[in-house]
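As a basis for the values below, the full set of heavy atoms in this structure was taken, side chains included, without hydrogen atoms, waters or symmetry mates. As the structure is a computational prediction, the values presented were derived from the model and not from experiment.
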Amino acid sequence: MLRFTSARLLPRCRHLYHACSAGPSACNAVGERVTVLTIDGGGIRGVIPGTVLAFLEAELQRLDGPGARLADYFDYIAGTSTGGLITAMLAAPGGHGDGRQRPMFAAKDISPFYLEHGPRIFPQRWSTLAAKIAAARGPKYDGRYLRGVVRRMLGETTVRNTLTNVVIPTFDVRLLQPVIFSTYEAKNSPLKNALLSDVCIGTSAAPTYLPAHFFRTHDGAGRTREYNLIDGGVAANNPTMVAMTMITEEIMAKEKAAALYLLKPPPEEEHGRFLVLSIGTGLTSDEGLYTAEKCSRWGALSWLRHGGMAPIIDIFMAASSDLVDIHVAIKFQLLHSERNYLRVQANSLTGTAAAVDAATPENMGSLVGVGERLLAQRVSRVNVETGRYEEVPGEGSNADALARIAGQLSEERTARLKRRNTVQTGVTGF
């Protein structure tokens with residue numbers, strides 16, 4: 001059994017191409033695959049992926065020992081909004097007093113973090129009328145508590161300091177375009193090497209809920225860059241496509257890989273090189289919640305706040321998440337590698353559970369229950385014709401699928417560690 005006893009055991013296989021010593025055509029082999037975890041935005045509903053990730057990490061610990069952490073297994077972790085915060089929690093280095101670089105949070109600590117801090121990030125003091133008035137005057141929440149807790153938690157950690165590659169989408173309102181923060185870019189462009197806390201605050205600044213976030217970066221040579229950020233969910237609430245694009249950018253950064261992938265299609269044997277786990281924060285099952293008849297009578301205030309929800313924001317983010325899932329699912333189907341992509345998404349949220357800011361103890365406890373039921377739910381894939389999730393015969397439950405992924409991740413890491421040890425032994429002559 002592989003045990004985690006020292007940071008020196010962590011494989012530094014954190015780029016797509018350098019792991020494949022035999023070239024990209026070898027990337028379908030165990031030890032050569034690219035492992036990707038993505039987490040949607042969804043405010044307080046981050047409790048749901050927190051519950052799912054705790055199960056996955058527990059499976060990895062069952063295989064490899066109690067020190068196993070998700071950052072040890074995923075080459076890339078991508079998250080938007082609340083998913084960006086979870087990404088930082090999983091990938092930021094934390095102090096352990098013994099010199100080891102280990103993740104700040106274990107996955108089992110994510111949901112307790114939301115349960116502790118959620119009620120102060122989203123204080124529940126609004127009546128429907130008060131919420132509409134607040135939406136007309138400014139953000140529903142001032143964001144001070146969120147900024148404080150994120151800055152205390154992450155300190156001076158920058159994007160390039162993460163223990164594995166991260167990808168966190170935001171949107172710059174001044175430039176009117178998405179801005180993607182990644183470990184890869186932070187290492188190559190100092191002006192993109194922002195404080196991880198600033199990136200988390202920016203990607204979480206959901207319009208109507210939290211204020212936009214401004215900060216500057218410096219490159220040490222006198223140059224600066226300004227960022228005027230809001231929630232990355234307005235562009236990529238499901239960050240899977242963004243993560244895959246950033247990985248492709250790394251491929252293209254190498255002339256040999258660029259020639260291979262741009263001048264001819266990848267051969268059949270390369271289709272297994274990606275292993276992607278995408279976790280959502282839940283879909284509403286209230287299909288009649290919004291109808292054309294109702295919406296046709298709404299003015300600006302009703303689009304911003306209606307029945308305790310923010311319809312225009314909910315619609316944008318739900319559409320973004322679903323469209324990405326459809327595109328990625330089709331891509332993996334075309335590559336004949338459907339089992340290399342798992343989307344875990346709850347599709348039965350109703351009422352308060354569907355809100356992004358319902359941070360009452362009762363609702364957060366309910367969201368933990370949603371996550372637990374999601375593990376028992378049968379594996380589903382989106383039907384590209386209807387947009388609905390349909391059970392996949394023979395795949396079992398999401399818990400079964402996650403256990404299989406844990407086995408693949410463990411095999412992947414073990415093979416990388418064995419290869420690295422073999423190289424070191426050959427170099428030293430022992």
Side-chain angles (χ1 to χ4, degrees), residues 14 16 33-43 45-46 48-57 70-71 73-91 103 107 110 159 162-170 178 180-184 199-200 203-204 231-250 273-283 317-332 337-346 371 374 379-382 389 398 401-402 405-406 408-409:
R14 295 311 187 200
L16 172 60
R33 292 171 293 192
V34 183
T35 54
V36 184
L37 168 64
T38 69
I39 309 158
D40 285 16
R45 300 202 312 258
I48 298 172
T51 304
V52 174
L53 291 171
F55 174 86
L56 175 61
E57 193 168 87
L70 294 177
Y73 296 87
F74 286 102
D75 298 313
Y76 295 82
I77 303 179
T80 301
S81 192
T82 198
L85 180 57
I86 293 173
T87 295
M89 294 167 72
L90 295 174
I110 295 172
V159 177
T162 54
L163 298 178
T164 190
N165 289 301
V166 301
V167 178
I168 303 177
T170 67
I180 313 302
F181 291 90
S182 71
T183 308
Y184 171 72
V199 175
C200 287
T203 193
S204 301
D231 194 331
V234 301
N237 199 53
N238 176 344
T240 306
M241 288 280 286
V242 169
M244 300 303 287
T245 299
M246 298 303 292
I247 295 171
T248 302
E249 181 180 338
E250 289 198 42
R273 71 189 186 279
F274 292 108
L275 181 62
V276 179
L277 171 61
S278 173
I279 304 180
T281 56
L283 298 172
M317 293 187 175
S320 170
S321 291
D322 289 351
L323 194 58
V324 167
D325 185 32
I326 291 172
H327 284 174
V328 175
I330 290 175
K331 182 174 183 179
F332 274 80
S337 55
E338 294 95 330
R339 295 197 75 181
N340 284 24
Y341 171 63
L342 176 65
R343 173 73 168 168
V344 180
Q345 175 70 300
L374 179 58
V379 172
S380 301
R381 285 197 192 101
V382 66
Y389 283 86
N398 284 321
L402 288 166
I405 285 180
Q408 290 176 288
L409 292 169

Do [X] and [Y] come close enough that some side-chain heavy atom pair is under 4.5 Å?
X: Arg343; Y: Asn238; result: yes
X: Asn340; Y: Val276; result: no
X: Leu56; Y: Leu37; result: no
X: Ile247; Y: Phe274; result: yes
X: Asp231; Y: Thr80; result: yes
X: Leu275; Y: Leu409; result: yes

The side-chain contact (heavy atoms from CB on, under 4.5 Å) partners of Ala78 (sequence neighbours excluded) come to Thr38, Val167, Pro239, Ala243

Ala401 meets the side-chain contact (heavy atoms from CB on, under 4.5 Å) criterion, sequence neighbours left out, with Leu342, Val379, Arg404

Distance col, row Thr245:OG1 vs Ile180:CD1, nearest 0.5 angstrom, shows 8.5 Å

CG of Asn398 to CD of Gln345, rounded to nearest 0.5 Å, is 10.5 Å

Starting from the C-alpha separation in whole Å, work towards a yes-or-no answer on side-chain contact (heavy atoms from CB on, under 4.5 Å) for Tyr76 and Val34. CA-CA 8 Å; Tyr76 295 82; Val34 183; 4.0 Å; yes

Sequence neighbours excluded, the answer for ring-ring contact (aromatic ring centres under 6.0 Å, His included) partners of Tyr341 is Phe332

* N/O donor-acceptor pair under 3.5 Å between Thr281 side chain and Gly46 backbone -> no

Any donor and acceptor pair, going by atom type alone, linking the side chain of Thr164 with main-chain N or O of Phe74 inside 3.5 Å?
yes

Tightest non-hydrogen contact, residues Thr240 and Ser278, listed as OG1-OG, 3.3 Å

